[in-house]
Amino acid sequence: MTIPAVLPSTPEGFRSGFVALVGRPNVGKSTLLNHLVGEKVAITSPVAQTTRHRLRAILTTPSAQLVLLDTPGIHKPHHLLGERLVQMARQSIGEVDVVLALMDGSVPMGRGDGFVLDLLRQIPQPVVLGLNKQDLVPAEERDALIASYREALPEAPLLPLSALSGDGCPSLVATLEPLLPPGPHLYPPDTVSDQPERVLLAELIREQVLHQTREEVPHSVAVQIERVEADGPRTAVLATVMVERSSQKGILIGKGGSMLREIGRGARLQMQTVLGGPVYLELFVKVVPHWRQKPGRLAELGYRLD
Ligand code: GDP
Ligand code: MG
């Protein structure tokens, strides 16, 4: 991590540290990060396993700075990429002061949560349990649902919340802050993410692919940003979307290029918000057979364990 040179002096009693956000795919980890820092820093999707890169989102309050690590969802590995994702999740737990375990609190605790809880019982750091998606739970069912999670980790604070509406998020932050060690700002107070711009731009394209295509395509897509250039007032972005099979290339391009145009349009709009100005985006689709099974290829695309 690079520590920037200019940081404010530390107020009395200030705390700072690292919070790992763990949980099964789709429980709302990325949505929560975006809500907490008040800006889009992570991509979200109704399709599981969206988050591939480790992302640091930074939340600064008057009394603390929380560096939140978005980890890929913890799940049982199926192929090489899956194994890397799990390794990365385990590794981020090792580095932090507190673990925030997020669960889908709109459904009763299930067997699938066991894998995550087993992992959490083995770690020395304090754990806070967030029960997300409370907006989906009718008020009269809330207590019974929360009770079903109470025994999971009896010593961990249990916080019902909605990452979508923001309900319960202030209490969550208030619970996390005292669990951090006393310390200075680690980033300037207005920083929200450490993600290099290129990675975020690539993720925004991948997000559109996830939203606009279905089934087969999403998990076998990788995006590489080839060029980002200032072009007068515009930013020109050139990117390659890689898929594993030519049939997937066909789906991505669509009839007369219609799908790719929609993906490009959606990504461009998001990029304009992130970059704060007009964007010109050019997308290419390339078939790279079995990229997910090739360690070299994974490293090249940034799925690195470092
Ligand atoms: P992740 O895989 O854990 O990072 O999950 P995401 O943040 O990508 O969210 C997965 C899906 O759940 C998306 O469709 C989100 O919009 C949805 N979601 C996340 N948080 C909430 C919430 O508090 N309430 C509701 N209703 N949906 C949510
Ligand atoms: Mg995510």
- Item | Arg245 backbone acceptor or donor facing Gln248 side chain under 3.5 Å | yes

- Any sub-3.5 Å donor-acceptor pair from Arg15's side-chain atoms to Leu180's backbone N or O? yes

- Query: So, for Leu186 and Ser16, which heavy atoms are closest and what is the spacing to 0.1 Å?
  - Reply: CG-OG, 4.1 Å

- Task: To the nearest 0.5 angstrom, please state how far the CG atom of Leu102 sits from the NZ atom of Lys133.
- Result: 8.5 Å

- All heavy atoms of Ser246 vs all of Val287, minimum pair found to be CA-CG2, 3.8 Å

- Item | Ile205 vs Leu281, side chain to side chain contact (heavy atoms under 4.5 Å, CB included): CA-CA, chis, key distance, verdict | CA-CA 10 Å; Ile205 295 169; Leu281 172 63; 4.2 Å; yes

- Query: With distance as the sole criterion, is a donor-acceptor pair present between the side chains of Thr235 and Glu229 under 3.5 Å?
  - Reply: no

- Task: With the side chain counted from C-beta on, respond yes when Leu68 and Leu32 share a heavy-atom pair under 4.5 Å apart, and no when they do not.
- Result: no

- pair Leu176-Leu66: side-chain heavy atoms closer than 4.5 Å: yes

- Check for a donor-acceptor pair, side chain of Gln224 on one end and backbone N or O of Met242 on the other, with a separation under 3.5 Å. no

- Within a strict 4.5 Å, meaning less than it, do heavy atoms of the Val288 and Val243 side chains meet? no

- Message: Please say yes or no: joined through hydrophobic side-chain contacts below 4.5 Å, possibly via intermediate residues, are Leu238 and Val223 part of one cluster?
- Response: no

- Item | Cluster check Val221, Met259: I/L/V/M/F/W/Y, side chain < 4.5 angstrom | yes

- Note on the structure: Pro170 and Gly166 have their tightest heavy-atom pair at CD-O, 3.7 Å

- Item | Pro108 versus Ser148, closest heavy-atom pair with distance | CA-OG, 3.8 Å

- Check: Glu262 side chain, Gln212 main-chain N or O, donor-acceptor pair, under 3.5 Å: no

- Task: Mark yes or no for whether Asn132, through its side chain, and Met103, through its backbone, hold a donor-acceptor pair below 3.5 Å.
- Result: no

- Report yes if the side chains of Val98 and Phe18 come closer than 4.5 Å at any heavy-atom pair, otherwise no. no

- Over 12 foreign heavy atoms within 6.0 Å of CD, Glu155: yes

- Task: For the residue pair Val128 and Leu172, establish whether any side-chain heavy-atom pair is separated by less than 4.5 Å.
- Result: yes

- Query: Under the side chain to side chain contact (heavy atoms under 4.5 Å, CB included) criterion, do His35 and Thr31 qualify, and how do the steps go?
  - Reply: CA-CA 6 Å; His35 181 85; Thr31 307; 5.7 Å; no

- Message: Just verifying a value: how many Å separate Met271 CE and Thr273 OG1, rounded to the nearest 0.5 Å?
- Response: 11.0 Å

- Query: Do you reckon Leu260 sits in the same ILVMFWY cluster as Leu269, going by side-chain contacts under 4.5 Å, direct or chained?
  - Reply: no

- Does Leu153 reach the side chain of Leu129, with side-chain heavy atoms less than 4.5 Å apart? yes

- Leu161 CG to Asp167 CG distance, which is reported to the nearest 0.5 Å: 9.0 Å

- Query: Can you name the one residue among Val96, Leu21, Val19 that meets side-chain contact (heavy atoms from CB on, under 4.5 Å) with Leu69?
  - Reply: Val96

- Note on the structure: On a heavy-atom basis, the closest approach of Val127 and Pro157 is O-CD, 3.3 Å

- Message: Through direct or indirect side-chain contacts below 4.5 angstrom among Ile, Leu, Val, Met, Phe, Trp and Tyr, which residues connect to Phe14?
- Response: none

- Item | OH-OG1 distance between Tyr187 and Thr60, expressed to the nearest 0.5 angstrom | 10.5 Å

- Message: Any non-hydrogen side-chain atom of Pro11 less than 4.5 Å from a side-chain atom of His185?
- Response: yes

- Any Ile58 side-chain heavy atom under 4.5 Å of Val37 side chain: no

- Query: Are more than 12 heavy atoms from other residues, nucleotides or ligands located less than 6.0 Å from atom CZ of Arg142?
  - Reply: yes

- Message: Would you say CZ of Arg121 has more than 12 non-hydrogen atoms from neighbouring residues, nucleotides or ligands within 6.0 angstrom?
- Response: yes

- Query: How long is the span from the CD atom in Glu203 to the CD atom in Gln208, to the nearest 0.5 Å?
  - Reply: 12.5 Å

- How about Glu226 and Thr240: does a side-chain donor come under 3.5 Å of a side-chain acceptor? yes

- Mind listing the closest non-hydrogen atom pair of Leu283 and Gly264 along with its distance? CD1-CA, 3.8 Å

- Item | Ser162 and Gln134: side chain donor to acceptor below 3.5 Å | no

- Message: When you group the ILVMFWY residues by side-chain heavy-atom contacts below 4.5 Å and let the links chain together, are Leu164 and Leu131 in the same group?
- Response: no

- Test item: Ser258 side-chain N/O and Lys255 main-chain N/O as donor-acceptor pair under 3.5 Å: yes

- Between atom CG of Asp104 and atom CG of Leu145, what is the distance when rounded to the nearest 0.5 Å? 9.5 Å

- Same cluster for Phe284 and Val237 if Ile/Leu/Val/Met/Phe/Trp/Tyr side chains link at under 4.5 Å? no

- Backbone N or O of Arg24 within a donor-acceptor pair of the Lys29 side chain at under 3.5 Å? yes

